[in-house]
There are 2 protein chains.
Amino acid sequence: MAARRTPSTRATINDVAARAGVSRGTVSRVLNSEVYVSEAARTAVEAAIHEVGYVRNAAARNLVTRRSQAVGLIVHEPHSLFLEDPNIGSILLGINSALSEADYQLVSLVIDSDRDIARVAEYLTGGFVDGVVIISARAGDPIGHVIAESGIPAAFVGHPIDIEGIPYVGIDNRSAARAITERLMATGRRRIGMIAAGLDRDSGQDRLAGFTEALGDRFDAELVVEVPLYSYGSGVDGMRVLLETRPDLDGVFAASDALAAGALDVLREAGRSVPADVGLVGFDDSAWAVRTQPPLSTVHQPAGALGRRAAELVLAQLRGEDVGLGGTFLDTAIVWRASA
Amino acid sequence: MAARRTPSTRATINDVAARAGVSRGTVSRVLNSEVYVSEAARTAVEAAIHEVGYVRNAAARNLVTRRSQAVGLIVHEPHSLFLEDPNIGSILLGINSALSEADYQLVSLVIDSDRDIARVAEYLTGGFVDGVVIISARAGDPIGHVIAESGIPAAFVGHPIDIEGIPYVGIDNRSAARAITERLMATGRRRIGMIAAGLDRDSGQDRLAGFTEALGDRFDAELVVEVPLYSYGSGVDGMRVLLETRPDLDGVFAASDALAAGALDVLREAGRSVPADVGLVGFDDSAWAVRTQPPLSTVHQPAGALGRRAAELVLAQLRGEDVGLGGTFLDTAIVWRASA
DNA sequence: TTGTATGCGTTATCAT
DNA sequence: ATGATAACGCATACAA
């Protein structure tokens, strides 16, 4: 068992070297498992490390190597969404898994106030991380610009409208939205509404565009309601408005499953049966989709794969590879359940 | 606008000093907003900083100050739970808010594999963080022991059974469980079952103990089913077993809202009306509780406050205060809705 | 109020 | 294969 040490006296390489009867250089070589070390030296050093309870000082190491072996994940969400968004967890796990394999530490930084913005910016530019993945950034996001200017290897999951010069990975929201809307139309619905959200990101705009495209001539602007968040509560609000302005609707495309869940409860309250009276479809294929009654027909989003891919984009840059600046788009699939 | 710099040539204090025509010491003093700096020097330095695009090197700074102004949050959860647990988000925001006010950066580290354990342990002991909050640690958790031995300022949210020497904050699970069970009994239920989970933490054990206590003589071990996770899926499984072994039950206490949601769907499938045939109560007062039909009667858990308090415990230690080793318990409240 | 000099704990370069 | 020694970029004690 390592000797109990007070926090004020941490063992250094010097201590280990003295104990093992070798030089600092040799200890360092053992630590970094370099080639030219004798078996005798190695075992002596390893024993000494254990005896003095040595742990490497990251700051000193980072200072000279100019690397931290860490990659940041920026999550910038309004409270409510962060708590509810079921994709974030999967994306995070996907990122972590890719980084872990490459022996990088993922550190997540949440931005929840203006104070946070400044502090996180310093953290990133200060060298605590070698790269960064940004998730769900919105238009006008200051952190995105800080990162773009700093030149630190980065990748977005999703693509904020106003930032260029950073590669991103996402899905083809427009095609997916068009596809599920067409599927909904194929069930015979004639007056289909949409609850649109997140119009400050291209994902939100594209879902609306796909919806519009699918409807073609039959598109009716009155049947579209805009809400601020991809949340259950916004779904409730949106559906109420829709039902008010167009009580004759017989189909709804909600821009997320959470919105659809909210809409579903409002429809139920209003005495509309789903899918008999109104066909309802969502987006994300999140945990929501299988918990509603009836379960939601929706678009499956490969959240874990999105995260993994973004992490790989950062890792590639860290290796000095040129990854280009365009977007990478992963496939979605329609999952048809009972809500339409 | 700052001059565009290649990543290979970052400006240092020397560059700023040269530009401003002062010494490194003065620049450093400006950077740390110390008292004895002339107005002239300050403005000159600030201009120079901007002109050369200087950003502080965190590694160098940490090396000499022996502090990082960062606090880690360890989240160690099986995949499914991490994605579903609605409390984690609130706890995280509570922690972040407290740390942010004290100008500390919260960095979240998720443990999702054995590789992660070793890497995170190195990250923590290496000095990347000054303190750490551990959430939902389980018995036998290696990270908990690493932290305990390292002597790094720490606090648990919840309390793993086998770790001493680290302060923790939680709720009185036993009293809360007893209270809601008694409330359920007061509705006239005679054969109340429990879906218990997380028995490798004291929270899980205490909820079971509270349930047992409330029932007193009427306790029947056959009416308790143990499931591994606090998840919807486990709720489904648990309720199936319960319905199989004791089809005559008329009340259920699920150890979490997610479990209750799963149980509710099974009851519905089985043709049991809630609350008419079976009274159902949950635990957590999470988002689940208000989304089920009917909404759940449950125990409100002050998740945000728990996180904030844990962060404050770490901050106090960072200030050199003695916070003791005991637990801090925050109040819960019963929220009675329509499921019982 | 400011400048100078030293050291933080590593890695890396050079001898040997 | 190993040992000395010089950075890395900053804060700080001390001198001025």
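Throughout, protein chains are lettered first and strands after them, A, B, ... in sequence-line order, and every chain is numbered starting at 1.
Counting non-hydrogen atoms under 4.0 angstrom, B/V64 reaches a base of the nucleic acid. B/S28 comes within 4.0 angstrom of a nucleotide base, judged by non-hydrogen atoms across all strands. Using a 4.0 Å heavy-atom criterion, one finds that A/N32 contacts the sugar-phosphate atoms exclusively. Contact annotation for B/A41: backbone-only contact, meaning every heavy-atom pair under 4.0 Å involves sugar-phosphate atoms and none involves a base. Counting any heavy atom pair closer than 4.0 Å across all strands shown, A/R56 reaches sugar-phosphate atoms only and no base atom. Here B/L63 lies in heavy-atom contact (under 4.0 Å) with a base.
Read 5' to 3', the first and last nucleotides of DNA chain D with an atom closer than 4.0 Å to a heavy atom of chain A are D/dA1 to D/dG9.
Rounded to a whole Å, the CZ atom of A/R66 is 18 Å from the P atom of C/dT10. For the pair B/E39 CD and C/dT2 C1', the interatomic distance rounds to 15 Å; values are reported in whole Å. What separates CZ of A/R29 from P of C/dA15 is a distance of 15 Å, to the nearest Å. One can place CG of A/D15 at 11 Å from P of C/dC8, the figure rounded to the nearest angstrom. Rounded to whole angstrom, the span from the CD1 atom of A/I13 across to the P atom of C/dA12 amounts to 11 Å. Atom P of nucleotide C/dA5 and atom CG of B/N14 are separated by 13 Å, given to the nearest angstrom.
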- Under the side-chain contact (heavy atoms from CB on, under 4.5 Å) criterion, do A/L109 and A/L124 qualify, and how do the steps go? CA-CA 10 Å; A/L109 312 172; A/L124 296 177; 3.8 Å; yes
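For the atom pair B/L325 CG and B/D322 CG, the distance stands at 7.5 Å (nearest 0.5 Å). Between B/N32 atom CG and B/R61 atom CZ the span is 5.0 Å, to the nearest 0.5 Å. Interatomic distance, CD1 of B/I135 versus NE2 of B/H76, reported as 13.0 Å (0.5 Å rounding). Atom CD1 of A/I95 and atom CD1 of A/I91 lie 7.0 Å apart (nearest 0.5 Å). One finds the OG1 atom of B/T328 at 10.0 Å from the CD atom of B/E312 (value rounded to the nearest 0.5 Å).
Of the possible polar contacts, none joining the A/S28 side chain to the A/R24 backbone as a donor-acceptor pair under 3.5 Å is found.
In this structure, of C/dG9, C/dA12, C/dT6, it is C/dT6 that holds the atom nearest to the side chain of B/R24.
At its two ends the helix from C/dT1-D/dA16 to C/dT16-D/dA1 runs along axes set 40° apart, each axis drawn from five pairs and the angle rounded to 10°.
With sequence neighbours left out, the side-chain hydrogen bond (donor to acceptor under 3.5 Å, both in side chains) criterion links B/D130 to B/S68.
Between B/Y123 and B/F128, the ring planes are parallel. Angles under 30° get that label, and only those over 60° would be called perpendicular.
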